[in-house]
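For reference, the structure is listed below as C-alpha cells.
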Amino acid sequence: MSQFHTLEVAKVISLTDDTVSVFFQVPEGLKETFTYQPGQYLTLKFNINGKEERRAYSLCSSPYTDNLMEVAVKRVENGIVSNHINDNLKAGDKIEVMPPQGNFILEINPNENHHYVAFSAGSGITPIMSMLKSVLAKEKKSKFTLFYGNKTKVSTIFHKELEELSKDERFNLISIYSRENTGDPLTEGRINKEKVNTLIKQDLNLLKADGFFMCGPEEMIVSVADTLKEFGVNKEKIHYELFTTPILLVKETQKPEIDFEGTAKVKVIYDDEEVELELNTKGATILDAAMEADVDVPFSCKGAVCCTCKALVTEGKAIMEANYSLSDAEVEEGYILTCQAHPVSEYVVVDYDEA
Ligand code: FES
C-alpha cells in the first residue's frame, strides 16, 4: 500500500558541487514495507513555504549490499525540492517517504550468466548504480557494461565509486565527457545517435546483451533506443526510465476510441475504503477527482512518468491522456495512471489496492 511513512535521515553527504546523497535508516518494523528491487524509486513529501511538495528519486543503494537506503539529489535550476534538500537537509531530520515503487527494474537471479548494458548521463546514474552494485554482488557470472556521459570528471556523480567498482573485471566502465579532453574522440562529446552508432560498431558483441537499461535526458534515451532497434535489438530487451515528462516520445502515445461521453459514475477503492464520484469524461482526472473527494490517493509527478498513481480498472473503461511508465502488458491488464485517466464508460471501478 502506497502510504507515507516517517523515516529518519541517517546522513547527508556531498557527492559533487550540486549533488548530495541522502541516506535513510529504515526501522525494523518497516523493513518489509521498504523492500525494493534495483531500479526502483522513493517518493519524498515535504512542506516547503506552507505548500506540500512531492518528488520521486531513484534509489542508488543496492538492496543486496547496503544497509541504508540512499537517494542522490542533484540541484535543478529553480527546483524547490532539490535545492531544499541540497541546502537544508541534515542527519536526524524526519521525512515522509512512500515505499519503493517503479517498473524500471533489473531482476537479480544469482544463477544468471548475463551481460547487461547501460547508458546513462548525469543524475540518470542513480537507478543504474543500484542495478550495477546488485549485479556485481549477486550475479557472480554476469557482466555489466556502462556508458556514462557527463560534462567533466569532477561533475560526475559517483565517479570514485564507479572507478572502484571497475576493478572488478566483470564491469566495463566507459566514461564519456562533453567538456573534458580524454585524448580519444570516442569518449569525448555527448551520447547521441552518432556516438552510440560508433560505440556499437567498435564492439558488436554489445548487441548480444541480455538487457539494455537507459536513464538520463530524453534525447539520450531516444538516440540509444533508436540505434539499438536499427541494429536489430528486440524492443523487449530495451528498458528506460524518464525523470521528466517527455517531448520526443509523445508521438508514440496512441489514443483509443471512446464509446461514451458525459457524466460517469466512478467508484474509487483505496485502502479498503470505497468512494463513489460523478465525473465527466472531459472533466478532471480520476486522481484529481478522488483527491477533491478527500481520498488520500498516492501520486508524485502528475506527469505520466513515475507511476505512483497506478490503479487497476476492474470494471468499465478509462483512458489516459499520456503514459510513459506503464508497460503495454500492464495497460492490457487494465492498469491506468490515474493522474492521466478519464472515465469512458458509464460506470468505472478504479482499485488502487490492486496496484
Ligand atoms: S503521479 Fe506520476 S504517473 Fe501519475
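Ligands are counted one by one from 1 in listed order, and the atoms in each one are counted from 1 as well. Positions are given from 1, in the same order as the sequence printed here.
Panel detail: atom 4 (Fe) of ligand 1 has protein N, O or S atoms under 2.8 Å away, 2 in number.
A cation-pi geometry, defined here as NZ or CZ lying under 6.0 Å from the six-membered ring centre and within 45° of its normal, does not hold between K237 and F212.
Interatomic distance, N88 CG to N83 CG, rounded to the nearest 0.5 Å: 9.5 Å.
Judged by distance alone, the side chain of E188 and the main-chain N or O of T182 form a donor-acceptor pair under 3.5 Å.
Ring centers of H5 and F34: under 6.0 Å apart, within the cut-off.
The side-chain hydrogen bond (donor to acceptor under 3.5 Å, both in side chains) contacts involving residues 116-130 comprise H114-Y116, Y116-E139, where partners must be two or more places apart or lie in separate chains.
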>> I'd like to know whether K302 forms a salt bridge (Lys or Arg N to Asp or Glu O under 4.0 Å) with D288, so could you lay out the CA-CA distance, the side-chain angles of the two residues, the decisive distance to 0.1 Å, and finally the verdict.
In response: CA-CA 10 Å; K302 281 197 171 184; D288 282 340; 2.9 Å; yes
